[in-house]
Amino acid sequence: ALAGFDLVDQLGAKVHEFAAMVTLPFLDGVGKIHTYKEGKYKAVPCFTMVDDASIGPEMCSDPPEGTPRMVSAEQAAALEADIVAKRAC
């Protein structure tokens, strides 16, 4: 992110806001953005698409063995239902 901010700055433009898929609290990315270069980007609002509080420990593991990596939407729904059912056991 910071390299992108610097590139925008070097091109003479201004960073107005920043969006990321998810923030990882232990990396403190937003804090690093806001303190970078003595606070140059401290006023830049930072948004994430996924609330990190919604990511629980059960989501930090590999899918069950045999789960395909590429599937159609219909297959994904069926696989999700199967995974949820197996975890409930």
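What you find for H16 and P45 is that their closest heavy atoms are O-CD, 3.1 Å. When all heavy atoms of V22 and T48 are compared, the pair lying nearest together is C-CG2, 4.0 Å.
Once rounded to the nearest 0.5 Å, the distance linking CG of D28 with CD1 of I33 reads 9.5 Å.
L7 and V15 are assigned to two separate hydrophobic clusters, defined by single-linkage of ILVMFWY side chains at heavy-atom distances under 4.5 Å. Residues L2 and V8 share a single hydrophobic cluster, defined by chaining ILVMFWY side chains whose heavy atoms lie under 4.5 Å apart.
The ring pair (Phe, Tyr, Trp, His ring centres under 6.0 Å) analysis of residues 20-50, with sequence neighbours excluded, yields the pairs F5-Y41. Counting only residues at least two apart or on different chains, the salt bridge (charged side-chain N to carboxylate O under 4.0 Å, His left out) pairs with a member in residues 71-86 are D82-K86. Within the structure, every pair that satisfies the salt bridge (charged side-chain N to carboxylate O under 4.0 Å, His left out) test and touches residues 33-50, not counting sequence neighbours, is listed here: D6-K37, D9-K40.
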